[in-house]
Amino acid sequence: MRIRIVGAGVMGRGIAQWAATAGHTVELADIRTEAVGAAVDFVRGMLDRAAAKGRITEGEAADTLARIVPLDSPWAPGDDVELVIEAAREDLDTKAEVFGKLAEALPASTVFATNTSSLSVTAIAATLDDPSRLAGLHFFNPVPLMKIVEVVPGAATRPEIPELLTGLVAGTGHRAVVVADTPGFLVNHAGRGLVTEALALLEETVADVPGIDRIARDVLGLKMGPFELMDLTGLDVTTAVIDTIWHGFRHSDRLRPSFLTPNRVTAGLHGRKAGRGWYAYGPEDPAPAAVPEAPVTGDAKRPVRVAGTGPGTEALRSALAASGAVLDDAEVPADDALVLVATWGMTVAEAVAGLGLPPARTLGVDPLSLATRRRVLAATPATDPEVAADARAVLAAAGGEAEPYAVTVVRDAAGSVAQRLLASIVSVAASIAERGLAAPADIDLAVTTGLGYPHGPLAWGDTIGAPRLLALQQALHRTTGDPRYRPTRWLTERAQLGMSLTDPGNSPFPQAG
């Protein structure tokens, strides 16, 4: 296939390398001719490094580079150009001008694709005399390594074009997911579940920034905590995406932005590129994952009583016994015993009131953390600080010669940190599936490939189980009264019917997109 790429910036040169590596002839053009030369030089350097490391041969590198044809003008005639991929500036007027001139220069049979990440594909196509020839083809940076591409049909796109683009992507070794033309498409939309909930937790002072990131990494298994991720992406970029998607979905509570971000963006606290964001990035500053934690100072031998009968209670008892904790199982508990409750969607305060537990000596433990090397302890405003220190020591103890557990202390809140982050990740994905914006399998594929999560969000929900996850979300909704936590129909039905969250089910209706 002969492909013309218009835009020789970071994305354009990555797409050029991707297509040429797959054997396609690539015409590379930009309104700035010097950008084309710089892009070719960049690709040459990347190919030379790959050859030096033995990933490709020198002959393969030379052949790939030879398939990239620099153009003096994006509007050059090209009767044999089958596909144009536009990677110009994210501005509707700019893209409209680019495609308008291309429509004059190229045959009507040439398919147009836009790499927009935030603009409506339908709105871009509507500027053309023939809007049916255009679709979205959204790559992620760096293109050769991020092996996921979103294929986005506009409202008027001819039905054969998504199939053509999906086949093109699959033929290069990348994976294509077909998604509806909605704000954020799929990957950016699904990614809002993590960052918006992390910001909500910070708003409520449930934990500090390093604490939330540690729990996200160590309990949920994410490669980066949400605040690390915002610093890497740039808070200015993240905030714009959050706001765009929220406005696009008509102020959905599930996607609600935080009041914390606008002032930070205005102050220039954008993250790594600014030298300071949620973390500092000076030469003497520790990396986010290396921020030191407070030492454990309490008494690990203080008697512990496990209260309650809810989910995670037996797992908590077993974990404490394996660590050598002194369990108080007497019919009448000792007056100085600390009390631990496994909280699932509920608060410690609710357990204290419901079970008649001593407020100063009762703390909560997140059951999700018990299978990891970091345990999460929740303290209430009534918790005695000495008791909290002892509880942290008890949870840190591993028994024998084993390495102690890390313990993060958080403020008592329904669902604690990990539960709320996971519930939000799954809820946003379930909402995408419920609306028919993408197939469940594509949602999970896009998120694991595009965002690097350890599981696709719907499959992740299945590891918890739909009924248990529904109980968590119902508890969050009941306890907080916030419609943000209202369970989706997708989750509710599947929990009631005994179905997997990844099961698309049977429906007489087409997808909304």
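One-based numbering along the sequence shown.
- The side chain to side chain contact (heavy atoms under 4.5 Å, CB included) search around P70 returns V36, V40, not counting sequence neighbours.
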Carefully, step by step, assess E82 and L168 under the rule side-chain contact (heavy atoms from CB on, under 4.5 Å). CA-CA 12 Å; E82 299 170 73; L168 168 68; over 6 Å; no

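- Of the possible donor and acceptor atoms, one in the side chain of D181 sits under 3.5 Å from a partner among the backbone N and O of T122.
- Counting only heavy atoms from C-beta outward, the side chains of Y279 and P210 approach each other to under 4.5 Å.
- In plain terms, the two heavy atoms of S132 and I161 that are nearest each other are O-CD1, 3.3 Å.
- D462 places no side-chain N or O within 3.5 Å of a backbone atom of S500 that could act as its donor or acceptor partner.
- Put simply, CZ on R374 and CD1 on I215 are 7.5 Å apart, with the number rounded to the nearest 0.5 Å.
- At a threshold of 4.5 Å between non-hydrogen side-chain atoms, the residues P162 and T157 count as touching.
- Ring-plane geometry between F140 and H138 is classed as tilted, the angle between the planes lying from 30 to 60 degrees on a 0 to 90 degree scale.
- No side-chain heavy atom of P183 sits under 4.5 Å from any side-chain heavy atom of H247.
- Here CG of L235 is found 11.0 Å from CG of L229. Values are rounded to the nearest 0.5 Å.
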For a quick test of your reading: what N or O donor-acceptor pairs under 3.5 Å do the side chains of residues 3-14 make, sequence neighbours left out?
{"unit_1": "R4", "atom_1": "NE", "unit_2": "E27", "atom_2": "OE1", "d": "2.7"}
{"unit_1": "R4", "atom_1": "NH1", "unit_2": "P74", "atom_2": "O", "d": "2.9"}
{"unit_1": "R4", "atom_1": "NH1", "unit_2": "A76", "atom_2": "O", "d": "2.7"}
{"unit_1": "R4", "atom_1": "NH2", "unit_2": "E27", "atom_2": "OE1", "d": "3.0"}
{"unit_1": "R4", "atom_1": "NH2", "unit_2": "A76", "atom_2": "O", "d": "2.9"}
{"unit_1": "R4", "atom_1": "NH2", "unit_2": "P77", "atom_2": "O", "d": "3.4"}

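- Of the possible donor and acceptor atoms, one in the side chain of N115 sits under 3.5 Å from a partner among the backbone N and O of F139.
- The CG atom of D444 sits 4.5 Å away from the CG atom of L458 when rounded to the nearest 0.5 Å.
- Under the side chain to side chain contact (heavy atoms under 4.5 Å, CB included) criterion, S252 pairs with F249, R254, L255, not counting sequence neighbours.
- Atom CG in D482 sits 9.5 Å away from atom CG in L476 (nearest 0.5 Å).
- Scanning all heavy atoms of the two residues, the minimum distance from F185 to E150 falls at CB-OE1, 3.4 Å.
- The neighbour count for R55 CZ, taken as heavy atoms of other residues, nucleotides or ligands under 6.0 Å away, does not exceed 12.
- Within the 3.5 Å criterion, the main-chain N or O of V426 finds no donor-acceptor partner in the side chain of W460.
- Minimum interatomic distance between P483 and H477 (heavy atoms only, all atoms of both residues): CA-NE2, 4.0 Å.
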Step by step, work out the side-chain contact (heavy atoms from CB on, under 4.5 Å) result for V206 and R420. CA-CA 11 Å; V206 176; R420 280 177 53 174; 4.3 Å; yes

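- At least one donor-acceptor pair under 3.5 Å links the side chain of E86 to the backbone N or O of A88.
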Verify side-chain contact (heavy atoms from CB on, under 4.5 Å) between K95 and T116, making sure each step is shown before the conclusion. CA-CA 9 Å; K95 292 181 186 295; T116 183; 4.0 Å; yes

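- No side-chain heavy atom of F112 sits under 4.5 Å from any side-chain heavy atom of I124.
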For salt bridge (Lys or Arg N to Asp or Glu O under 4.0 Å), just list the numbers for R486 and D253, CA-CA rounded to whole Å, side-chain angles, deciding distance to a tenth of an Å, and then say yes or no. CA-CA 9 Å; R486 177 182 56 81; D253 288 298; over 6 Å; no

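- When every heavy atom of Q419 is checked against every heavy atom of G415, the shortest pair comes out as CB-O, 2.8 Å.
- When each of V152, V151, V187 is tested with V179 by the rule side chain to side chain contact (heavy atoms under 4.5 Å, CB included), just one qualifies, namely V152.
- Across S369 and D366, no two heavy atoms sit closer than the pair OG-O, 2.7 Å.
- Contact annotation: the side chain of E104 never approaches that of W75 to less than 4.5 Å [non-hydrogen atoms, C-beta and beyond].
- Counting heavy atoms from C-beta outward, V43 and M46 have side chains that stay 4.5 Å or more apart.
- In terms of heavy-atom proximity, G456 sits nearest to T448 at N-CG2, 3.2 Å.
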Checking side-chain contact (heavy atoms from CB on, under 4.5 Å) for the pair L145/W18: CA distance, chi angles, key distance, verdict? CA-CA 9 Å; L145 300 180; W18 162 81; over 6 Å; no

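- Rounded to the nearest 0.5 Å, atoms CD1 (I56) and OG1 (T64) are 6.0 Å apart.
- In this structure, E204 places its CD atom where more than 12 heavy-atom neighbours from other residues, nucleotides or ligands lie under 6.0 Å away.
- A distance-only check finds a donor-acceptor pair linking the side chain of E60 to the backbone of T57 [under 3.5 Å].
- With a 6.0 Å radius and a threshold of 12 heavy atoms from other residues, nucleotides or ligands, R276 has its CZ atom at or below the threshold.
- Judged by distance alone, the side chain of T239 and the main-chain N or O of D236 form no donor-acceptor pair under 3.5 Å.
- Counting heavy atoms from C-beta outward, L164 and L83 have side chains that stay 4.5 Å or more apart.
- Remark: R264 qualifies as a cation-pi partner of W278 under the 6.0 Å distance and 45° angle criteria applied to the six-membered ring.
- Within a 6.0 Å sphere centred on NZ of K273, heavy atoms belonging to other residues, nucleotides or ligands number more than 12.
- To the nearest 0.5 angstrom, L28 atom CG is 15.0 Å from R67 atom CZ.
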Evaluate the criterion side chain to side chain donor-acceptor pair (under 3.5 Å) for residue pair R435 and S431; output intermediate values, then yes/no. CA-CA 6 Å; R435 290 182 167 114; S431 179; 2.8 Å; yes

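- Side-chain atoms of D442 never come within 3.5 Å of backbone atoms of V177 as a donor-acceptor pair (strictly under, hydrogens ignored).
- D213 places a side-chain N or O within donor-acceptor distance of the main-chain N or O of E228, the cut-off being under 3.5 Å.
- Checked by atom type and distance alone, the side chain of T172 never pairs as donor or acceptor with a backbone atom of A22 at under 3.5 Å.
- Within the 4.5 Å cutoff, no side-chain heavy atoms of L186 are placed close to those of L437.
- Looking only at atom types and distance, the side chain of R214 has no donor-acceptor partner in the side chain of T408 under 3.5 Å away.
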